Structures are given as structure tokens and as C-alpha cells.
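Below, chain A is the first sequence line, B the second, and so on; all start at residue 1. For clarity, every value in this text was computed on a predicted model and none was experimentally measured.
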Amino acid sequence: MSERFRVRFAPSPTGEPHVGNIRTAIFDWLLARQNGGEFIVRIEDTDRARAIDGTTELIIEALKWLGIEWDEGPDIGGRYAPYKQSERLPLYHKAANRLIAEHCAYKCYCSTERLAAVRKSRSKQGGAIGYDRHCRDISDDERQRLELNGETPVVRFKMPLHGETTVNDLIRGEVTFDNRLVDDFVMLKSDGFPTYHLAHLVDDHEMEITHVLRGEEWLPSVPRHLQLYRALKWQPPHFAHLPIILAPDRSKLSKRHGATALLDYRQMGYLPHTMVNFLTLLGWSLDDKTELFSREALIEHFSIERISKSGAIFNTDKLDWMNGHYIREMSAERLAEALLEFWNAYPPPEIPALPSREVALQIAPLVQERLKTLRDAAPLVAFLFKPEIEYDASELIQRRMDAASTRRCLEAARDQLATLDPFEAEPIEALLRSMVENLDVKAGQLFGSLRVATTGQRVAPPLFQSIEALGRERTLNLVQAASERL
RNA sequence: GGCGCAUUCGUCUAGCGGCCAAGGACACCACCCUCUCAAGGUGGAGACCACGGGUUCGAAUCCCGUAUGCGCUACCA
């Protein structure tokens, strides 16, 4: 019989989704799709203080941009709705009450001041856990008195006082923890909201989640979760703790290292598939040579067994290469479309108005081989949109040339181009190449001068196509203007 | 401090006891191609497999210790 796969991505709406989170989502999705299972999105909004409005929408937008589709989620509902923890409070209370009734949990009335003091004195002793279990064994009378006092309690879980808890992590194998070193952690906060430990566990159970993929930072709290499952007499899911994504200096990736928000990469001109491919490779590999995967190939080949154990640095050089590769792989039509879409969303200063489809189609092949990102395109073709171009006249004069000979070349080119028909790259090239012989100059000399004359730049897209894109009238005017400056 | 995880070229990685005096990719360098820039092609440099002990006929691969890095140690996730 085949195993069931229900995998969930459970982000907190506390900021823009970052690349680490999204990589987890990609792994979740890959696993679900590969096994014909379900991919579920669940919003873990139990921390009211840290919640930021609008971030749930950003998470959804990020997943949509990447083309990751989910089967159940806050926006589309599903059999286990709702998919927002703030709307599932009764479920958590029910579990907490049950645990209290079964003496597996207790109310704690300690003030934050007392907790801080206990923590401080205990940390000096070294090794001791942070909470002294003060309220674990208080008498019923005392409990009643505190209750009457109006103290709003939290609910803590009674960790076993001895023994060990072992998890069989899908990536790291067996990991064992000493129960004595684990606190009686808070399950329910005094505001009535659950902590992550209770909430995610109740939901994973209720939603019949089979595989939990999450960041490595959760590994130390697994004994809490496993003990909670035991107390609730629920079957725990499979766990896989993913390696974290690092900054170039090996510290945790954060804003000061540059872009960490997934959607920033859209704005920087990366293709969604580049992100999916690249992020998947950050922590997973198929073999010793394959790096470029279509989404179908990713779904086919992905496996938890081949996820690596150690953290990986987010290397933008390789990201750039991969993006360039995928841009080059597109048809001219698709690139043109992508460019238009990108320029429409993020209008570049170099281009006064969104070009027509026709113009975009003309631009695409001009820049395709030269792009690392979509953002690189506009500066390369800026000359096409400038009413007049600026450059230092000396730039026109190529090596071993002088003003007079350069001027002769430009005038000859202008005269010839004036009558050329059709005014297209191929005949333009044929014409200019034949001129090279007649004028007794090097190809680089003539072309170099013309490049500066027509684009104002020493570095530009291929000359003949550029001239075609410029059109006869503008080209003639530009070349005329150039020769007059000499 | 305690607990846990990790450790192969600058970076991402292959390697699950002999095929490894360690393979691929990005970045870097050189050459070729070439109208500039790219792209592409070819080649090069780059890892005593963190260190020290074992186990074994044989270890990057297994075990132990040390070091380093990272994570956790909240009424945050």
C-alpha cells in the first residue's frame, strides 16, 4: 500500500516571505506533487504582537508568482477549514483543557517578573532549565486563591521529569534528548492564544498532516512536540528538519546582507522558475552533475533522502548565471512578453513609456544573450528611446584613426544607408562590410565609430540589429550629427 | 554556561569502505570565436576531504575525542 502525503506550509504573517521560508514551501509542494498528495497552506497567526497586516497576502502572492499551487488554504478553503490559526482557537482550548483534566498540563500564575528572576538566577548555575515548575505542584487551595486574585494564567505542559525522547528525523536520523533538560513550556498564553507548540500540533493532527518539513531551528523543540503527541495519544507525523540558508559570512541570512524577501527577486528581474530551481538546489541535489531542472523534472526527482544536512550560503553569482541561462533559453516572443510585463510592473527610467509588442519583439533578440536579469535590459536599449544621445566626440575616433578619416567613414556610411533597401540587419551588414574594403579601414574601426554615433556608447548590442531597430531616419540623423561634430 | 546539529575547492555540491593522488557547477584566469559587450568552445588554477586518535588488508566514507560554526535555551515563530 502506498503512503499518504499531506504536506503543509505554515508561515507566520510577521513580515515579507523570505527565501528560507519559501524554500521550505517549495520542498513541501514538491513532496506533495511527487506523491500525488495534498499541499496545504496554513497561516500561523498566533502572535498578535508581531503580526503585520498584509503579509498573508504577500505570502500568497509569492507562491503564486512561483507557480506553486495549493490544494487547501486560507483563500480557497478546504475540507479542514479554517486555515488560519486565529480562527481555530476553540480547537486549541479543547486540547489544553483535556490535558489539564488528564493532569498532563497545568495553569501557571507566575508573573513575568518572577519568571525573569528565576531564569536569571538559574542561568548562573548553568545548565538548569529556565522555569522552576513553581506552579506544577501547588495545592488546590493555593490555586483557588490565585484564581480569585484575578491573575490570568498561562497553561504549561508537564514534561516528564526523567527519561529520554528520541526522534527519527528523515534527514538527520535518530536524535535523542534528555527530558530533564526541557522546560514545562507554555502551550496557551494568557491572552488565550496558543503558542506555536500547541497550535501547529493540534492543526497537523486535525488536518491529518503526514510530513512536517521545517527549519533546523525547530529540532531542539521536537521532544516537546513528541511528548505532547504522547500525552494526547495522537500519532506524530514524520519530521524532516531542513538545513538553514546562510549569508556569505556564514551568519543567518538577514536584511543587511541584501535581498532576503522572495518578492524582491521578482523586482530585481529574476524569473520565477530560476528561483524555484535555485532554491531547490540550495540544500538538495540529485547527482554530481545535474543542476538545471524543469519543474516536472524537479517533481519527478526530488527526494527527502537527498536533502543535505549542512547550511548553504545563498550565492548570488550562481543565481545570476542560472537566470541568464533561463533567459537565453526562452523564445524571443516569450522574452518580449516577460520584458513588457516586467517594465509594466516596474517602469525603468530609461524607457519613457511602455513600448509596443512589436518594439519589444525587436528588442528581445538584441539583449537576450546579454541579460542576467530582466532589469539589465532597459539600460542596454536606452539609446532607442532617447530623443538625443550624448557622448564625447572623441569617442567616435577609433584606434589609428583621426578626425578626418572618421568623418569620411561616417559620411560614406550615411550616403550608402540613405538608399539601402530593405533597411534590415542583414543588408545593412553586407553593405557596411563591403564599405570596409572600399574605405580601406578595419571592420572594428568603421563599426566602432558607427556604434558611438548611433548609440552614444562604446558598449552596445550588435550594431546591425541596433541600426535596424533605430530605423533609417533616426540613423541617418545620428550619423549626420556625428560627422558634423568632427 | 547547558543541550542539539553541522564540518569535501572561494561558493553550491558528488562521494554512503577499495572505481578518489577526490568528480561537476558558479566565480576566477588564459586561449579560440568575434563589429564592442555578451553568449559559446577549449584549457588552467583551485580541497593534504576541520584536527587528533582508533576500527580495517584498505577510510573523505565507520567509531571516539577536540576545535570551529550555527541553532535552541521567550506568554516569538
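Not one side-chain nitrogen or oxygen of A/T195 sits closer than 4.0 Å to the OP1 or OP2 atom of B/rC75. Residue A/R180 places none of its side-chain N or O atoms closer than 4.0 Å to OP1 or OP2 of B/rC3. Taking only side-chain nitrogens and oxygens, A/K189 comes nearer than 4.0 Å to OP1 or OP2 of B/rA77. Within the structure, every side-chain polar atom (N or O) of A/S251 is placed at least 4.0 Å from both OP1 and OP2 of B/rG69. Side-chain N/O atoms of A/R214 include none lying less than 4.0 angstrom from OP1 or OP2 on B/rG71. OP1 and OP2 of B/rC70 both lie 4.0 Å or more from every side-chain N or O belonging to A/R250. Checking the phosphate oxygens (OP1, OP2) of B/rA39, no side-chain nitrogen or oxygen of A/K372 falls inside 4.0 Å.
Taking atom NZ of A/K309 as the reference point, atom C1' of B/rA60 lies 14 Å away to the nearest angstrom. Atom P of nucleotide B/rA77 and atom CZ of A/R224 are separated by 11 Å, given to the nearest angstrom. Whole-Å rounding puts the A/Q398 CD to B/rU36 P distance at 11 Å. For the pair A/E468 CD and B/rC35 P, the computed distance is 19 Å after rounding to whole Å. The separation between A/N21 atom CG and B/rA77 atom C1' is 10 Å, rounded to whole Å. If you take CD1 of A/I313 and C1' of B/rC26, they are 13 Å apart, rounded to a whole angstrom.
Rounded to whole Å, the separation between the P atoms of B/rC48 and B/rU8 comes to 12 Å. One P atom belongs to B/rU42, the other to B/rG24, and the distance between them is 12 Å to the nearest Å. If you take atom C1' in B/rU13 and the same atom in B/rA60, they sit 14 Å apart, rounded to whole Å. Taking atom C1' on both nucleotides, B/rA47 is separated from B/rG15 by 14 Å, rounded to a whole Å.
The pairing partner recorded for B/rC26 is B/rG10, the criterion being a Watson-Crick or G-U wobble arrangement whose two distances lie under 3.5 angstrom. Nucleotide B/rC62: paired with B/rG54 (Watson-Crick or G-U wobble, both distances less than 3.5 Å).
Checked against a 6.0 Å centroid threshold, the rings of A/F239 and A/W218 do not count as neighbours. Between A/F464 and A/F447, the ring center distance clears the sub-6.0 Å criterion. Taking the six-membered ring for Trp and the full ring otherwise, the centers of A/Y265 and A/F314 sit less than 6.0 Å from each other.
Note on ring orientation: taking the six-membered ring where Trp is involved, the planes of A/F302 and A/F27 are tilted (angle from 30° to 60°). Ring geometry for A/Y326 against A/H273 counts as perpendicular: the plane angle is over 60°, on a 0 to 90° scale with 30° as the lower cut.
Here B/rC3 is the nucleotide among B/rA77, B/rU13, B/rC3 with the atom lying nearest to any side-chain atom of A/L181. Picking from B/rG71, B/rA6, B/rG4 the nucleotide with the shortest atom distance to the side chain of A/I244 gives B/rG71. Of the listed nucleotides (B/rA74, B/rA77, B/rC37), B/rA77 has the atom at the smallest distance from the side chain of A/E217. Side-chain atoms of A/R306 lie closest to B/rA14 of the nucleotides B/rC75, B/rC37, B/rA14. The side chain of A/D288 has B/rG23 as its nearest neighbour among B/rC35, B/rG23, B/rA25. Residue A/K289 has its side chain nearest to B/rG24 when only B/rU13, B/rU36, B/rG24 are considered.
At a cut-off of 3.5 Å, with distance as the only test, no side-chain donor of A/D137 or A/Y106 sits close to an acceptor on the other residue. Side-chain contact of A/R172 with A/H241: a donor-acceptor pair under 3.5 Å is absent, judged by distance alone. A/N323 and A/T373 form no side-chain donor-acceptor contact under 3.5 Å, judged by distance and modelled atom types alone.
Heavy atoms of A/P461 sit under 4.0 angstrom from at least one base atom. A/G324 comes within 4.0 angstrom of no nucleic acid atom, judged by non-hydrogen atoms across all strands.
Near RNA chain B, defined here as any heavy-atom distance below 4.0 Å, the residues from residues 44-55 of chain A are A/E44, A/T46, A/D47, A/R50, listed numerically.
A donor and an acceptor atom never sit less than 3.5 Å apart when one is taken from the side chain of A/R172 and the other from the base of B/rC5. On a pure distance criterion of 3.5 Å, a polar donor-acceptor pair joins the side chain of A/K318 and the base of B/rA25.
Comparing A/G448 and A/R156 by the nucleotide of RNA chain B that holds the closest heavy atom to each, the one mapping nearer the 5' end is A/G448. In terms of position along RNA chain B, the nucleotide closest to A/D178 lies nearer the 5' end than the nucleotide closest to the other residue of the pair A/S190 and A/D178.
With respect to A/D191 and A/R48, a salt bridge is recorded, a charged nitrogen being found less than 4.0 Å from a carboxylate O.
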